[in-house]
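Order of appearance sets the numbers: ligands from 1, and atoms from 1 within every ligand.
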Amino acid sequence: MRTQVGIVGAGPAGMMLAHLLHRAGIDSVVVELRSRHYVQERVRAGVLEQGTRDLMVETGVGARLQRDGITHHGLELRFGGQVHRIDLSDLTGGKSITIYPQGELVKDLTDARIATGAPIYFAAEDVGTHELDSDAPTIRFLVDGQEHQVRCDFIAGCDGFHGITRSSIPASALTIFERTYPFAWLGILAETPPSSEELIYCHHERGFALHSMRTPKLTRLYLQCDPDDDIGNWPDDRIWSELNSRFATDDGWKLNCGPIVQKGITPMRSFVAEPMRFERLLLAGDCAHIVPPTGAKGLNLAIADVRLMASALAEFYKSGSHDLLDLYSQTSLRRVWKVQRFSWWMTSMLHRFPHENSFDQRRQIAELDYVTSSRAAAQSLAENYVGLPFD
Ligand code: APR
Ligand code: PHB
């Protein structure tokens with residue numbers, strides 16, 4: 001089989017890329033390790049920046065998002081038992097965020113792909129990329145025991161942090177920048193209406209907690225825990241008791257409880273692989289970078305990458321010019337590092353660090369106090385949270 005762009009991975013990066021390329025008249029083949037059901041059902045992020053939402057709507061895949069997505073114009077920072085609202089829309093000239101689960105976004109894009117009749121392979125085994133430095137890099141894989149080979153002009157690595165595309169680049173051609181954090185997030189999905197209309201980022205001496213949501217009947221909650229902790233140590237009543245302690249306010253705010261239908265512990269890391277291109281292999285999304293989830297940026301950054309990659313490929317096929325392709329890594333990385341900075345900043349402002357001293361704690365509270373009392377500081381948080389403008 002021959003195609004213009006071979007896409008490895010059918011998560012948000014891979015499926016948005018396939019969609020944008022199709023609209024630009026560029027052929028692609030998508031190859032995904034997991035089943036379609038698995039990709040859509042795994043519990044992932046749920047906050048769309050204004051630009052991510054706009055891209056879905058402007059490119060004709062936003063109907064369900066417009067119907068079921070929940071628009072938020074603000075968020076809450078809670079610390080010292082007090083509630084402080086950041087008015088995102090007021091601070092950003094009317095921008096907002098949309099709550100829409102990542103699985104639903106991937107479903108919309110996958111439905112659009114399947115409607116085009118263009119090739120997409122799920123449950124592919126032994127996926128490998130070959131001849132990356134030739135004019136026809138190739139993806140080989142098995143489906144139902146049958147071998148497939150796709151010869152491409154370009155390969156897009158969209159296969160997440162544990163995928164194979166980044167590791168197929170010679171180690172000497174990549175520089176890795178990394179930070180791991182001395183804590184993790186225990187996340188739950190509970191069948192109960194959200195306890196607040198907006199997201200709550202909560203700083204507490206027992207550790208960070210976050211109140212989010214998926215639908216009007218499903219609440220998503222997180223609490224900071226030890227990175228080596230075992231989910232078996234967290235029976236439901238311990239989780240609720242810990243959440244109640246951390247979210248407690250001076251005015252008696254109540255957290256809605258309900259059956260926990262999913263729980264898990266996620267480690268936190270910041271990671272960047274540079275450059276985001278090796279010969280005819282272009283990387284996007286989690287396979288090139290990971291951010292800690294405190295800024296809600298992973299999904300949005302993946303979408304911003306493929307937006308740039310699709311325009312660079314469109315220019316190449318339209319005019320034969322390599323200019324945008326040659327700038328792809330550099331241009332993407334400017335946004336990646338700004339988002340890394342923001343995600344690190346939110347993380348360090350809101351979490352308990354094991355070796356912090358009383359000076360660090362006072363400084364953290366002063367930072368929260370500043371962000372919630374200075375319009376300039378709040379505006380900086382807000383413009384990053386709703387999404388920086390595209391280059
Ligand atoms: N071959 C083919 N596909 C693979 C392989 C492989 N060897 N390895 C992994 N994949 C698939 C995964 O099964 C997954 O469906 O690649 C896809 C990568 O999707 P994501 O991990 O969602 O990464 P990305 O599309 O970059 O989106 C980033 O998703 O994981 C969240 O927090 C992350 O929100 C961020 C966003
Ligand atoms: C989520 O809803 O899963 C979520 C929301 C905000 C974050 C991270 C995760 O910062």
For ligand 1, which atoms have a heavy atom of [X] less than 4.0 angstrom away?
{"X": "Val31", "value": "2 (C), 3 (N)"}
{"X": "Val8", "value": "1 (N), 2 (C)"}
{"X": "Val127", "value": "1 (N)"}
{"X": "Gly163", "value": "8 (N)"}
{"X": "Gly160", "value": "18 (C), 21 (O), 23 (O)"}
{"X": "Arg34", "value": "13 (O)"}

Starting from [atom], locate the nearest protein heavy atom and write down its residue, its atom name and how far away it is, to 0.1 Å.
{"atom": "atom 19 (O) of ligand 1", "result": "Gly11 CA, 3.6 Å"}
{"atom": "atom 7 (N) of ligand 1", "result": "Ile164 CG1, 3.4 Å"}
{"atom": "atom 32 (O) of ligand 1", "result": "Asp286 OD2, 3.6 Å"}
{"atom": "atom 25 (O) of ligand 1", "result": "Ala13 N, 2.9 Å"}
{"atom": "atom 16 (O) of ligand 1", "result": "Asp159 CA, 3.2 Å"}
{"atom": "atom 22 (O) of ligand 1", "result": "Arg44 NH1, 3.0 Å"}

Worksheet item: Mind checking whether Arg42 has a heavy atom under 4.0 Å from ligand 1?
Response: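 Yes.
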Practice prompt. Would you check whether Cys158 reaches within less than 4.0 Å of ligand 1, judged by its heavy atoms?
Written response: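 True for this residue.
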Looking only at side-chain N and O atoms, does [Y] offer a donor or acceptor that is under 3.5 Å from a partner on [X]?
{"X": "Thr59", "Y": "His19", "value": "yes"}
{"X": "Asp27", "Y": "Tyr317", "value": "no"}
{"X": "Asn357", "Y": "Gln361", "value": "no"}
{"X": "Ser270", "Y": "Tyr181", "value": "yes"}

Worksheet item: Is Ile86 close to Glu76 at the side-chain level, that is, under 4.5 Å between some pair of heavy atoms?
Response: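 No. Closest side-chain heavy atoms not under 4.5 Å.
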Worksheet item: Given side chains that start at C-beta, do those of Pro137 and Arg280 come closer than 4.5 Å, heavy atoms only?
Response: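 Pro137 reaches Arg280 side chain to side chain.
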Closest approach of [X] to [Y] (non-hydrogen atoms, all atoms of both residues):
{"X": "Glu147", "Y": "Leu142", "value": "CG-CD2, 3.4 Å"}
{"X": "Asn256", "Y": "Trp240", "value": "O-CZ3, 3.7 Å"}
{"X": "Pro216", "Y": "Pro194", "value": "O-CD, 3.3 Å"}

Item to complete: Report the member of Glu125, Gln40, Gln102 with the shortest heavy-atom distance to atom 29 (O) of ligand 1.
Response: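 Selected option, by shortest heavy-atom distance: Gln102.
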Worksheet item: Relative to atom 27 (O) of ligand 1, which among Gly285, Gly9, Pro12 owns the nearest non-hydrogen atom?
Response: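 Going through Gly285, Gly9, Pro12 one by one, Pro12 has the nearest heavy atom to atom 27 (O) of ligand 1.
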Fill in: Any donor-acceptor N/O pair, Ser245 side chain to Ser241 backbone, under 3.5 Å
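Yes; at least one donor-acceptor contact below 3.5 Å.
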Worksheet item: Is the side chain of Arg53 donor-acceptor paired with the backbone N or O of Ile97 at a distance under 3.5 Å, no angle test?
Response: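 Not a single qualifying donor-acceptor pair exists.
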Worksheet entry | Given Gln340, Arg341, Met346, the one that forms side chain to side chain contact (heavy atoms under 4.5 Å, CB included) with Val291 |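 Considering Gln340, Arg341, Met346, a side chain to side chain contact (heavy atoms under 4.5 Å, CB included) with Val291 is found only for Gln340.
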Worksheet item: Hey, which residues fall under 4.0 Å of ligand 2 on heavy atoms?
Response: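 Residues Val47, Trp185, Leu199, Tyr201, Leu210, Ser212, Arg214, Arg220, Tyr222, Pro293, Thr294, Ala296 each place a heavy atom under 4.0 Å from ligand 2, listed by chain and number.
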Worksheet entry | Parallel, tilted or perpendicular, as decided by the 30° and 60° cut-offs, for the rings of Phe183 and His351 |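 Geometry flag for Phe183 against His351: parallel rings.
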Practice prompt. Answer with yes or no after comparing the ring centroid distance for Phe141 and Tyr121 against a 6.0 Å cut-off, counting only values under it.
Written response: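 Yes, the ring centres sit under 6.0 Å apart.
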I'd like to check whether [X] has a polar contact with ligand 1, where a contact means an N/O of the residue lying under 3.5 Å from an N/O of the ligand.
{"X": "Leu33", "answer": "yes"}
{"X": "Leu299", "answer": "yes"}
{"X": "Glu32", "answer": "yes"}

Discussion item. Grouping I, L, V, M, F, W and Y whenever their side-chain heavy atoms are under 4.5 Å apart, do Trp185 and Phe79 come out in a common cluster?
Written reply: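 Shared cluster, yes.
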